[in-house]
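Just so it is clear: chains get the letters A, B, ... in the order the sequence lines come, proteins before strands, and each one is counted from 1.
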Amino acid sequence: LPTSKVTEYDVDGGKEDLFAVNQAAGLDLFEGDILYDEEQVRNS
Amino acid sequence: LIGDQYLWPTTVPYYFEDDLDINAKGVIMKAFEQYRLKTCIDYKPWSGEKNYISVFKGSGCFSSVGNQRKGKQTLSIGAGCDRIATIEHEFLHALGFWHEQSRADRDDYVTIMWDRIQAGREHNFNKYDDTTSSSLNVPYDYGSMMHYSKTAFQNGTEPTIVTKIPAFSDVIGQRMEFSDSDLLKLNRLYNCTRPTTFLDTCDFELENICGMIQGQGDNADWERVTKATGGPDTDYSNMGRCTGTGYFMHFSTVSGSEGHTALLESRLLYPNRNYQCLQFFYYHSGNPNDKLEIWVREYNEANPSGTLRMIETITGLPETLWQLHHVSLNVSTKFRVVFKGTKGAGSSTGGLSLDDVNLSETTCPEHVWRIKNFKSIMENTPRGTAIYSPRFRSKYGYTFQMGLYPNGTETSKDMGAFASLTSGDDVIDGELTWPCPWMQITMMLMDQNADIRKRMSNQRSVTSDPNQKVEGSTMFFWDNPRKVGMEVTDGDGTKYFRGPGFGTSVYLTQARALSREFIKGGDAIFLLSMEDISHLVSSQPLPPTTPTDDLCTLIKCENDGVCVMDGVKAACRCVVGDDWWYYGDRCQFKSSNQDGVVTAVVSTVVVFVVMLVVTVVIVVCMKKKFKKKMNDMGGGTTTQNNYA
């Protein structure tokens with residue numbers, strides 16, 4: 001039945017996935033969410 | 001990532017840092033359960049192992065790839081990362097997985113639109129050749145939870161990844177659950193032979209009915225059929241979509257006498273835990289007095305033939321519908337599950353039917369919310385309008401409900417999902433603790449695939465923080481709905497209070513809701529539960545000391561030496577022979593009796609030579625000194641014996 005609107009809290013703030021979360025947090029990690037050290041870069 | 005050194009042991013040690021959100025801890029535990037159900041990867045609290053995963057609340061969601069063998073390896077589950085798919089994604093990185101679109105062969109399947117990528121973010125679209133990364137002989141997986149979505153790192157509105165088969169354009173980037181290929185790769189990488197908590201699944205498509213047997217001592221049999229007199233007309237697995245398939249098990253109560261029974265027993269099962277969840281679809285087209293009971297036949301040394309134990313009677317009137325049922329079991333020895341059908345009094349035009357049976361060592365969801373004609377509801381509900389589940393009472397006494405926005409919220413086109421506490425019985429509510437402390441409510445849209453291991457159900461969880469305030473108010477968010485909620489009227493005219501909603505406006509896109517088997521026979525099924533996770537509020541205990549066995553893993557004794565604990569220190573005990581022995585802190589040196597003799601002789605000779613040299617030097621020096629003195633006295637003195 002139609003009801004008055006209750007307060008709702010959106011935990012995601014519209015961010016659809018983890019890459020959006022990381023971008024919003026200002027992170028610029030390797031491939032968006034990978035911690036990558038220098039040794040790995042050299043090996044790769 | 002190629003290289004055995006990057007693998008973890010199949011039981012991965014983890015440590016929850018204190019800064020982690022409580023909801024995140026609860027969701028991580030749920031993600032671990034999915035790993036246990038679908039792979040052989042297990043997780044255990046860190047007890048001092050050399051390498052472990054430290055989960056903390058960083059700024060965002062991130063992980064290293066593979067076991068970096070650096071002791072404490074961090075994995076961040078920051079704000080907004082407490083979603084099961086995100087957590088599974090990050091742990092897949094930690095277990096050694098790159099993103100799917102970085103595979104060596106990715107250009108065969110997707111086109112990277114370099115001119116649509118944000119400046120400086122091109123490195124996010126690297127790929128690795130097949131000496132660095134292996135696809136483990138699994139085809140390119142558009143449905144992988146490790147795949148970017150088409151909008152990843154875009155600088156405008158055009159996609160940055162275009163799939164060569166257009167049908168997969170909206171498939172990439174799913175963040176629901178492991179895909180079949182994700183699991184295949186993980187199971188191959190870690191040489192898994194069987195999942196940890198999965199026991200059995202059966203859709204009765206094969207003639208061997210998954211090793212089930214007709215029980216002894218009954219009067220009738222269950223039959224494997226594709227349709228039954230009186231209903232159902234189709235099975236549940238395939239809903240009659242494929243000719244020649246679509247079997248289910250049916251016990252007809254049309255004939256026979258009152259009290260006649262039919263037993264259908266599963267194959268022998270061996271539990272690891274002492275709790276299990278049996279899930280199945282049930283169609284009741286018989287007389288209301290016909291009944292289905294769930295029993296277990298347990299085996300032990302005292303009862304090698306097994307003892308039957310009644311678990312539950314499935315209640316409910318006949319209905320032209322496959323109904324989902326969950327039965328919690330608590331078995332700890334070898335057992336079979338027994339489906340016992342009994343013909344009741346009165347005439348029947350149908351019977352009892354079973355399909356899509358799943359048995360796993362997990363807890364059962366508490367409540368089922370079935371929404372009929374879901375596609376129509378998605379299309380016809382005005383955007384920004386919610387529909388609400390019935391109120392469900394949890395085992396803790398709190399009542400709650402789910403609010404679903406089938407056609408999007410005011411801020412998003414995606415379906416929204418919010419959980420609210422509601423008022424229940426006055427007396428019970430009066431005895432509960434308010435604000436409601438640390439209850440995790442999970443809202444799962446069930447992927448109705450017949451096999452529980454292949455389901456990609458979509459779930460989100462929220463947790464009641466008793467300290468949380470309503471925005472811009474002094475009221476507590478999770479307080480008694482009579483105090484903090486609004487009065488609403490139920491469909492039957494009942495009035496109750498609904499507390500504020502807590503959830504997400506991006507629960508699932510409509511396109512994904514229409515995919516897979518989220519809607520089956522027109523219906524969607526939400527599984528709802530409330531769990532007390534207050535035990536996760538306190539800090540995870542640190543290992544008391546590094547386990548003694550592990551200290552010995554830190555040093556390597558050479559030459560067959562053995563590591564033993566000397567008090568609290570690890571020390572090498574070296575091998576000793578009749579006239580030789582190894583020594584040194586790692587037994588790296590060898591000595592023998594012969595070496596001793598040689599050493600003694602050599603040192604004697606050396607001492608003799610040194611003393612000889614010293615003597616000669618002294619004599620020469622004295623001689624020189626005497627001679628000089630004589631010269632200083634003018635040619636010298638002749639000494640005579642004056643008394644001779």
Side chain, backbone, both or neither of [X] within contact of chain A (heavy atoms, under 4.5 Å):
X        : value
B:Asp414 : side chain
B:Gln73  : neither
B:Ser76  : neither
B:Ser412 : neither
B:Ala79  : backbone

Exercise for the section: Please identify each residue that fulfils ring pair (Phe, Tyr, Trp, His ring centres under 6.0 Å) with B:Phe97, with sequence neighbours left out. Expected result: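 Per chain and number, B:Phe97 pairs via ring pair (Phe, Tyr, Trp, His ring centres under 6.0 Å) with no residue.
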Practice task
Only counting residues at least two apart or in another chain, list the ones meeting ring pair (Phe, Tyr, Trp, His ring centres under 6.0 Å) with B:Phe502.
Solution key: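 Partners of B:Phe502 under the ring pair (Phe, Tyr, Trp, His ring centres under 6.0 Å) test: A:Tyr9, B:Phe477, B:Trp478.
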What are the two closest non-hydrogen atoms of [X] and [Y], and how far apart are they?
X        : Y        : result
A:Lys15  : B:Arg83  : O-NH2, 2.7 Å
A:Phe30  : B:Asn124 : C-OD1, 3.9 Å
B:Cys61  : A:Leu18  : SG-CB, 3.8 Å
B:Thr504 : A:Asp10  : CA-OD1, 3.4 Å

Exercise for the section: Answer yes or no: is there a side-chain heavy-atom contact under 4.5 Å between A:Asp12 and B:Ser505? Expected result: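 Side chain of A:Asp12 against side chain of B:Ser505, heavy atoms only: no contact under 4.5 Å found.
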Handout entry: Within-4.5 Å side-chain heavy-atom neighbours: B:Arg121 and A:Gln23
Key =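 B:Arg121 reaches A:Gln23 side chain to side chain.
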With rounding to the nearest 0.5 angstrom, report the [atom1] to [atom2] distance, [X] to [Y].
X       : Y        : atom1 : atom2 : answer
A:Glu16 : B:Thr151 : CD    : OG1   : 7.0 Å
A:Glu31 : B:Phe153 : CD    : CZ    : 8.5 Å
A:Thr7  : B:Arg498 : OG1   : CZ    : 12.0 Å
A:Ile34 : B:Ser63  : CD1   : OG    : 8.0 Å

Exercise for the section: Please list, chain by chain and in numerical order, all residues satisfying side-chain hydrogen bond (donor to acceptor under 3.5 Å, both in side chains) with B:Thr509, sequence neighbours excluded. Expected result: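 By the side-chain hydrogen bond (donor to acceptor under 3.5 Å, both in side chains) rule, B:Thr509 matches no residue at all.
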Pairs of heavy atoms under 4.5 Å with chain A: top-ranked of [options]:
options                               : answer
B:Ala386, B:Gly173, B:Gly80, B:Ser59  : B:Ser59
B:Gly60, B:Gly485, B:Gly501           : B:Gly501
B:His99, B:Arg460, B:Arg175, B:Glu471 : B:His99

Exercise for the section: Indicate, with yes or no, if the rings of A:Tyr36 and B:His123 have centres closer together than 6.0 Å. Expected result: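 Not under 6.0 Å, so no.
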Handout entry: Region of A:Val21 that comes under 4.5 Å of a non-hydrogen atom in chain B
Key =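 Side chain only.
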Exercise for the section: Under 4.5 Å, heavy atom to heavy atom: which of residues 86-96 of chain B reach chain A? Give them by number, or say none. Expected result: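 The list, in residue order, reads B:Thr86, B:His89, B:Glu90, B:His93.
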